[in-house]
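Take a look at the structure below.
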Amino acid sequence: MKSIVIAAFVSVFLFSRVAMADGLIVVPQPPGGPIQQLGVKYHRVACVIDNQVAKTTIDQVFTNPNARQLEGTYIFPLPTDAVVKDFSMFMNGKEVKGEVLDKDKALKIYQEIVSKMRDPGLLEYAGRAMYKARVFPIPAKGEIRTKISYTQTLIADNKLVRYVYPLNTEKYSSTLLDSVVISVRIKSKHPIKNVYSPSHVVDTHRPNDHEAVVGFEQNKVKPDRDFTLYYAIDDKDVGLNLLTRRAAGEDGYFMMLISPRQEIDKVSKKDITLVLDTSGSMVSDGDKLSQAKKALRFCLRNLNKGDRFNIVRFATEGSRYADTMIPATKENVEKAIEHVNQFDARGGTHIEEALTLALQTNRG
């Protein structure tokens, strides 16, 4: 009999930004009056991760809202250890060539752009190499399409792999983007367990234990955060990963990811204790308690035959639904759901007592 404690409360997780790569075209103010900066019509990212080697391809269309022809510089800050594989931009039927600049030369360009735009955001790329290409002409009221692809090796930290694609240079777009599309296809010789994005709401398809397809799409937006994706690789039947974060002088946060194999040939009987935060903080920033109760009901209704369960709620104090583990019969589950429906939010937050109660529940 396997014992599991699930804490069904809402926490905030902070992740440090990692500046990777996102192309933009910088146009200096020409003589003859001010101009608008270029807009971005669409931004499409397709990534294939094959055993931690990621190939990312970016397809962008830039738009010139001005009634005059312009000249600009296409720059693409490169991720650490990334290698550019392909670049294509055709203007007046001619292919535009670019060059890779080292970190020192790239830094001078970043600083020059920052001093003119008076926006320090681009200095996030300081210390990274750059792909650079001259763009001329940029037709009046016209469009420029660019495609670039690069490869990099992703590092696994405690069997957890992170892929980051930032969209922060899109803040330089003069208009909302018609569409932002990101597709990530993961292949691994080791079974893939948890797949999670803390930054975006994604669709995930798992055709088998060794493949996963993740997608994100949004229209009429100006992206303001990096796309971050975690996936775990583990040969065990159940993968467990813990993400932690603690800033100096602040309380820490954690997130635990638990995921079984995609192809399950045996279901073990389990003892499951569900822990729910019902303190007054669960009604701030939207009705978090309603969402947590909905998650709790889902867990209860999906218990298997032979499982046993208990519920611990906590606010100023913690309390157990029952003194011992309860068989997951239909009748017992419905009674527990009625109990959960009566929860309301009030009082302080005493999580330590709740987790202690959960771990001490009599499983005899």
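Heavy-atom basis, side chains included; hydrogens, waters and symmetry copies ignored.
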- Message: Within the structure provided, determine whether Val161 and Tyr230 are in side-chain contact (heavy-atom separation under 4.5 Å).
- Response: no
- Exam field: side chain Arg206 to backbone Lys193, donor-acceptor pair closer than 3.5 Å: yes
- Message: So does Arg134 get a backbone contact from the side chain of Thr73, meaning a donor-acceptor N/O pair under 3.5 Å?
- Response: no
- Note on the structure: Taken to the nearest 0.5 Å, the spacing of Ile311 CD1 from Ile326 CD1 works out to 7.0 Å
- Quick one: pull up CD in Glu143 and NZ in Lys41 and give me the separation to the nearest 0.5 Å. 4.0 Å
- Item | Asp307 and Lys269 ion-paired at < 4.0 Å | no
- Message: If I compare all heavy atoms of Arg313 with all of Asp344, which pair ends up nearest, and what's the gap?
- Response: NH2-O, 3.6 Å
- Message: Please tell me whether Val181 and Leu24 are part of a single hydrophobic cluster in this structure, the criterion being side-chain heavy atoms less than 4.5 Å apart.
- Response: no
- Message: Tyr321 vs Val340, test: side chain to side chain contact (heavy atoms under 4.5 Å, CB included). Steps then yes/no.
- Response: CA-CA 9 Å; Tyr321 173 57; Val340 171; over 6 Å; no
- Message: Let me confirm one number: the CG-OG1 distance from Asp86 to Thr151, rounded to the nearest 0.5 Å.
- Response: 10.0 Å
- Query: Any idea which heavy atoms bring Asn219 and Glu217 closest together, and the distance?
  - Reply: OD1-OE2, 4.1 Å
- Is there a path of hydrophobic side-chain contacts, each under 4.5 Å between heavy atoms of I, L, V, M, F, W or Y residues, that connects Val184 with Leu154? yes
- Message: Would you say the ring centers of Tyr74 and Phe87 fall short of 6.0 Å from each other?
- Response: yes
- Look up atom CD1 in Ile58 and atom OG1 in Thr146, then write down how far apart they are to the nearest 0.5 Å. 8.5 Å
- In terms of heavy-atom contacts, Leu303 and Val333 come closest through CD1-CG2, 4.4 Å
- Residues Asp50 and Lys187 bridged, charged N to O under 4.0 Å: no
- Item | Stepwise side-chain hydrogen bond (donor to acceptor under 3.5 Å, both in side chains) check, Tyr231 with Ser188 | CA-CA 11 Å; Tyr231 71 92; Ser188 174; over 6 Å; no
- Query: Counting only N and O atoms by type, is there a donor-acceptor contact under 3.5 Å from the side chain of Asp157 to the main-chain atoms of Leu160?
  - Reply: no
- Query: Around Arg185, counting heavy atoms of other residues, nucleotides and ligands shown, do more than 12 lie under 6.0 Å from its CZ?
  - Reply: no
- Nearest heavy-atom neighbours spanning Gln52 and Ile155: NE2-C, 4.1 Å
- Item | Nearest-0.5 Å distance that lies between atom CG in Leu78 and atom OH in Tyr150 | 8.5 Å
- Item | Test item: Asn194 side-chain N/O and Ala232 main-chain N/O as donor-acceptor pair under 3.5 Å | no
- Go through the side-chain N and O atoms of Thr228 and Asp226 and say whether any donor and acceptor fall under 3.5 Å apart. no
- Message: A side-chain contact here means heavy atoms from C-beta on lying under 4.5 Å apart; do Arg308 and Thr324 qualify?
- Response: no
- Query: When clusters are formed by joining ILVMFWY residues with side-chain heavy atoms under 4.5 Å apart, either directly or through shared neighbours, do Val48 and Val202 land in the same one?
  - Reply: no
- Should Pro191 and His210 count as side-chain neighbours, where that means a heavy-atom distance under 4.5 Å? yes
- Query: Does a sphere of radius 6.0 Å around CG in Asn341 hold more than 12 heavy atoms from other residues, nucleotides or ligands, not counting ones at 6.0 Å or beyond?
  - Reply: yes
- Under 3.5 Å donor-acceptor, Lys132 side chain and Leu101 backbone: no
- Is the closest side-chain heavy-atom distance between Val27 and Asn66 below 4.5 Å? no
- If Ile, Leu, Val, Met, Phe, Trp and Tyr residues are connected whenever their side-chain heavy atoms lie under 4.5 Å apart, and connections chain through other members, are Val221 and Phe227 in the same group? yes
- Query: In a check of side chain to side chain contact (heavy atoms under 4.5 Å, CB included) between Thr204 and each of Ile186, Leu229, Val213, Val214, which one passes?
  - Reply: Val214
- Interatomic distance, Phe76 atom CZ to Met130 atom CE [nearest 0.5 angstrom]: 11.5 Å
- Task: May I ask you to say whether Glu334 pairs ionically with Lys330, meaning some side-chain N is under 4.0 Å from a carboxylate O?
- Result: no
- Message: Can a donor-acceptor pair be found, under 3.5 Å and without considering hydrogens, that links the side chain of Asn310 to the backbone of Ala322?
- Response: yes
- What heavy-atom pair brings Tyr165 and Val45 nearest, and what distance separates the two atoms? CE2-CG2, 3.5 Å
- Task: Quick one: closest heavy-atom pair of Ile138 and Asn64, and the distance?
- Result: O-ND2, 3.4 Å
